[in-house]
Every structure is written in structure tokens, then in C-alpha cells.
Amino acid sequence: MKNVFAIIALVVATTVSSFAQSKSMTNFKTVRLEQTKGEFTQKQITVSPGEYVFEISNNNAGTDVGFVLVPQGKDISKPENHIKTAYVTNVVKEGTVEKTKSTTLTPGTYIYFCPLNKTSTDNVLIVK
């Protein structure tokens, strides 16, 4: 009898855990950005507050690329100011696309750039 209860509890826990994971994994919007040689093709983006995943494509940038997001006004050269969840999970190789983890964006202005492709640091993401 104890084994039956243990099995039922395990099945319920697994089902609840799977549901929670699948719900949280789909509860975000995607921002798609393209990097070419030395720049992002999108210079300014405006979104509403919420959960976002950034999808970064490398379109003949000539080098591997990455993604850094920093609140405007913070020193972009200091990694402690970077929003770590907005880093791509893998370096974006030529002709490929990589994603970030889910990142919560609150109202404000953010700067985004690529430290590997040496993109300009005047790319702006506005959350309002």
C-alpha cells in the first residue's frame, strides 16, 4: 500500500513539475536581432515590460558574435552591470542563431552591443 501511494505521489509531482516547466518556458516573447559586420541591423527597439528571450543571428559578421544588455547610464565595460540572463547561451557562429535565457525587462532604456564583433554601443532597447 505504501508503494502505491509513493508511485501516485511521484506521478503527480512529475506531472506538476513538467507542466510548470513547459508553462514557464513559453511565457515569454522573442526579440530577434541580426548582427552583420560591425553592427546590429536593428538600432532601436521598443517593447513593453515583460519576459523576453533574445535571438541573435550572425549574418556574415566575419567573426563569432555575442550579446550584452546593460541598463542605460551604467558602465558597459563592467560585467557586473551586464544583465547576465541576456547573454547568449553559446557564442553565435557564422550563419547560425543562438538564444539567451528568459530575461525580465522593466520600464527603462537599455544599451545592447556585441563585445566580440565590436558593434557600436548606441543600440537602444526602450521598455515602456
Side-chain angles (χ1 to χ4, degrees):
M1 190 67 162
K2 285 183 182 179
N3 288 343
V4 171
F5 286 121
I7 291 171
I8 291 172
L10 180 62
V11 169
V12 169
T14 302
T15 303
V16 169
S17 176
S18 295
F19 177 75
Q21 286 178 355
S22 66
K23 184 171 174 51
S24 68
M25 293 176 76
T26 59
N27 213 12
F28 57 81
K29 299 172 193 147
T30 301
V31 174
R32 290 176 178 81
L33 297 170
E34 174 190 48
Q35 285 194 46
T36 58
K37 194 168 194 76
E39 68 180 353
F40 279 96
T41 56
Q42 302 89 337
K43 303 296 182 196
Q44 182 174 329
I45 301 166
T46 302
V47 299
S48 57
E51 289 288 317
Y52 289 86
V53 167
F54 295 89
E55 189 176 276
I56 311 300
S57 67
N58 180 337
N59 188 2
N60 298 312
T63 183
D64 292 345
V65 298
F67 183 71
V68 176
L69 185 67
V70 182
Q72 187 175 44
K74 299 272 186 171
D75 184 345
I76 64 171
S77 68
K78 294 187 176 186
E80 61 266 21
N81 293 329
H82 299 175
I83 300 172
K84 307 294 189 286
T85 55
Y87 288 159
V88 286
T89 55
N90 294 300
V91 170
V92 188
K93 304 242 181 247
E94 188 83 25
T96 66
V97 176
E98 295 291 342
K99 294 180 180 181
T100 67
K101 294 180 180 178
S102 179
T103 301
T104 302
L105 296 177
T106 57
T109 302
Y110 301 82
I111 305 300
Y112 60 93
F113 65 98
C114 173
L116 305 174
N117 189 18
K118 303 300 182 204
T119 58
S120 66
T121 56
D122 61 353
N123 305 300
V124 180
L125 171 69
I126 300 167
V127 181
K128 60 178 179 176

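When reading the values below, keep in mind they use all heavy atoms of this one structure, side chains included, and skip hydrogens, waters and symmetry mates.
- More than 12 heavy-atom neighbours from other residues, nucleotides or ligands sit within 6.0 angstrom of NZ on K84.
- Closest heavy-atom contact between N27 and E51: O-CB, 3.6 Å.
- In this structure a side-chain-to-backbone donor-acceptor pair under 3.5 Å is missing from N117 to Q35.
- The nearest pair of heavy atoms linking F113 to N123 is CA-ND2, 4.5 Å.
- Residue T30 holds its OG1 atom at 5.0 Å from CZ of R32, rounded to the nearest 0.5 Å.
- Classified by interplanar angle (parallel below 30°, tilted 30° to 60°, perpendicular above 60°), the ring pair Y87/H82 is perpendicular.
- Taking CD1 of I45 as the reference point, atom CG of L125 lies at 6.0 Å (rounded to 0.5 Å).
- A donor-acceptor pair is defined here as one N or O able to donate and one able to accept, closer than 3.5 Å; no such pair exists between the side chain of N81 and the backbone of V70.
- No donor-acceptor distance shorter than 3.5 angstrom exists from the side chain of K128 to the backbone of P49, with no hydrogens or angles considered.
- Nearest approach of L69 to A86, heavy atoms of both residues: CB-CB, 3.8 Å.
- Rounded to the nearest 0.5 Å, atoms OH (Y112) and CD (Q72) are 12.5 Å apart.
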Side chain to side chain contact (heavy atoms under 4.5 Å, CB included) between V92 and N90, intermediate numbers included: CA-CA 6 Å; V92 188; N90 294 300; over 6 Å; no
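- In terms of modelled atom types and a separation under 3.5 Å, the side chain of T103 and the main chain of K101 share a donor-acceptor contact.
- Looking at every heavy atom in both residues, A61 comes nearest to N58 through N-OD1, 3.1 Å.
- With a 4.5 Å cut-off on side-chain heavy atoms, E39 and C114 do not count as touching.
- Judged purely by atom type and a 3.5 angstrom limit, E98 has no side-chain atom pairing as donor or acceptor with the backbone of I56.
- A pairwise comparison of heavy atoms in T63 and L116 identifies CG2-O, 3.9 Å as the closest pair.
- V47 and Y110 fall within the same hydrophobic cluster, where Ile, Leu, Val, Met, Phe, Trp and Tyr residues are linked whenever their side-chain heavy atoms come under 4.5 Å apart, directly or through other members.
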Please determine whether side chain to side chain contact (heavy atoms under 4.5 Å, CB included) holds for the pair F54 and V88, giving the CA-CA distance in whole Å, both sets of side-chain angles, and the decisive distance to 0.1 Å. CA-CA 8 Å; F54 295 89; V88 286; over 6 Å; no
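- Grouped by direct or indirect side-chain proximity (heavy atoms under 4.5 Å, Ile/Leu/Val/Met/Phe/Trp/Tyr only), V124 sits with I111, I126.
- Heavy-atom minimum distance, K99 versus E55: CE-OE1, 3.1 Å.
- N59 and S57 share no donor-acceptor pair across their side chains, judged by distance under 3.5 Å alone.
- Distance check, rounded to the nearest 0.5 Å: CZ of F28 to OG1 of T104 gives 12.0 Å.
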